[in-house]
Each structure stands twice: as structure tokens, then as C-alpha cells.
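Order of listing sets the numbers, starting from 1, for every ligand and every atom in it. The structure presented is a predicted model; accordingly, all values stated were derived computationally and were not measured. Positions are given from 1 along the sequence.
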Amino acid sequence: MLTFRAALAALALIRAAGALAAPESPAEEAIDYRHSVYHVIGWNFSPMAAAVTGKVPYDKDAFLRQATRVALLAPMLPEGFPAGSYVAGKTRAKPAIWEQRAEFDELLRALAAKSASLAEIAKTGDLQQIKPAFNELAQVCKDCHKKFREDEDKHHAH
Ligand code: HEC
């Protein structure tokens with residue numbers, strides 16, 4: 001009898017777990033995907049910002065590695081914004097992205113181009129050349145966030 005109850009309890013647990021792991025909609029999958037790519041970009045971008053502003057000592061190899069990663073990741077972003085991947089409350093992407101797609105795509109292309117040049121310039125190990133290239137890249141992040149990303153307090157990302 002005890003085992004039967006235990007089996008029932010186990011079954012209930014399995015059902016609950018199944019409900020939690022309910023498959024995501026394609027829109028939610030795209031949101032997860034772009035969040036993941038942005039997280040990895042941010043992970044590598046922050047230490048570069050710290051090095052450029054002198055908050056941490058500049059380390060040529062670490063910087064080159066981080067710049068190379070961002071250059072590799074940036075071109076993965078466009079596919080993270082398929083039509084219909086706006087889900088209120090789950091994304092900070094503004095619906096304007098899909099209304100002004102050409103402008104948004106242009107910013108994504110600029111991101112790929114600027115991150116590629118930063119990765120190239122980082123090979124020199126010359127911080128005086130790296131700084132302006134980094135600032136140009138950071139400006140693209142800012143321009144796009146200002147126009148196409150909801151402020152943190154208005155929306156919750158997850
Ligand atoms: C073409 C536009 C665009 C560019 C360029 C851009 N971002 Fe974003 N970023 C967004 C949007 C839109 C979101 C919100 C995504 C969402 O919530 O679905 C976002 C979200 C993020 C997030 C948060 C991810 C999360 O889980 O909420 C980070 C971190 C981030 N961006 C970093 C950067 C950095 C660093 C750069 C520059 C190297 C950059 N972004 C360039 C549009 C852009």
C-alpha cells in the first residue's frame with residue numbers, strides 16, 4: 001500500500017516536472033537565444049570596457065580573446081529577432097524593431113563590422129589604437145539600446 005502511494009506521488013512529481021518543462025513557443029525560443037548571445041557578448045564586453053577606462057590593467061591576450069569572441073558572436077544576432085518574436089513581459093526588445101527592421105538591421109551590421117575591426121586592431125596590442133575602436137563599438141550598443149530596447153524598469157527581461 002505504501003509503495004502504491006509512493007508510486008502515485010512519484011507520478012504526480014513527474015507530471016509536475018513535465019508541466020514545468022513545457023515546450024516553449026518559437027517566439028520564446030528566439031528570445032532565449034538572443035538573451036544567451038547578448039549575455040555572452042556582455043560577459044566579454046565588460047572586462048574590455050574596464051581595461052579601456054583603466055579600471056583594470058590592460059592585458060593584451062585577454063583583450064584580444066574578448067574582442068575576438070564578440071566579433072564571432074555579433075553576426076549570430078540577426079537570426080535571434082524573427083518576425084513575431086515579441087512577447088510582452090518576456091523581452092525588452094521594442095516592437096519598433098519589426099516596424100523599422102531596415103534601421104535595426106543596419107545597426108546589427110554596424111555591430112558586426114565594428115566588432116570585427118576591434119578584434120583586428122586588438123592584435124596590435126596598442127591601447128592607443130584600441131581605445132577609439134572600442135568606443136566606436138560601444139556607441140553602436142548605446143545607439144541601438146536607446147532606440148530599440150525597453151528600459152529595465154519598464155520591462156522585466158525574463
Ligand atoms: C541592433 C541593436 C542592438 C545592438 C547593436 C546591441 N544590442 Fe544589446 N540588446 C538589444 C535588444 C533589443 C535587447 C533586448 C533583447 C530582449 O530582451 O529580447 C538587448 C539586450 C542586451 C543585453 C541583456 C540581455 C538580457 O538577457 O536581457 C545585454 C547584456 C546587451 N544587450 C549587451 C549589448 C552590448 C555589450 C552591445 C554592444 C557590443 C549590444 N548589446 C549591442 C539590441 C542591441
Could you list the atoms of ligand 1 found under 4.0 angstrom from a heavy atom of Cys144? 1 (C), 2 (C), 3 (C), 4 (C), 5 (C), 42 (C), 43 (C)
Given the rule in the side-chain contact (heavy atoms from CB on, under 4.5 Å) test, do Ile31 and Arg34 qualify, once you have shown the distances and angles that lead to the verdict? CA-CA 5 Å; Ile31 292 169; Arg34 65 192 185 231; 3.3 Å; yes
Judged by heavy atoms only, the candidate from Tyr38, Phe81, Phe148 nearest atom 43 (C) of ligand 1 is Tyr38
Give the contacting part of Leu111 toward ligand 1: side chain, backbone, both or neither, where contact means a heavy-atom distance below 4.0 Å. side chain
Which of the atoms of ligand 1 are close to Leu108, meaning less than 4.0 Å from one of its heavy atoms? 1 (C)
Paired with Asp126, the side chain to side chain donor-acceptor pair (under 3.5 Å) test is passed by just one of Gln128, Gln129, Lys123, namely Gln129
Would you mind listing which atoms of ligand 1 come within a distance below 4.0 Å of any non-hydrogen atom of Arg34? 16 (C), 18 (O)
Option set His39, Arg149, Lys142, Lys146, criterion heavy-atom distance to atom 26 (O) of ligand 1, minimum: His39
Could you list all the ring-ring contact (aromatic ring centres under 6.0 Å, His included) pairs where at least one residue sits in residues 113-143, not counting sequence neighbours? Phe45-Phe134
Near Val140, which atoms of ligand 1 are under 4.0 Å from a heavy atom of that residue? 5 (C)
I'd like to know whether ligand 1 has Ile97 as a neighbour, heavy-atom separation below 4.0 Å. yes
Using the ring of each side chain (for Trp, its six-membered ring), is Trp98 parallel, tilted or perpendicular to Phe81, with breaks at 30° and 60°? tilted
Output yes when the distance from some N or O of ligand 1 to some N or O of Lys90 is under 3.5 Å, and no in every other case. no
Under 3.5 Å, is there a donor-acceptor pair between the Asp143 and Gln139 side chains? yes
Sequence neighbours excluded, every pair satisfying salt bridge (Lys or Arg N to Asp or Glu O under 4.0 Å) that has a member inside residues 49-68: none
Confirm or rule out an N/O/S atom of His145, from backbone or side chain, lying less than 2.8 Å from atom 8 (Fe) of ligand 1. yes
So how far is it from Leu107 CG to Leu77 CG, rounded to the nearest 0.5 Å? 12.0 Å
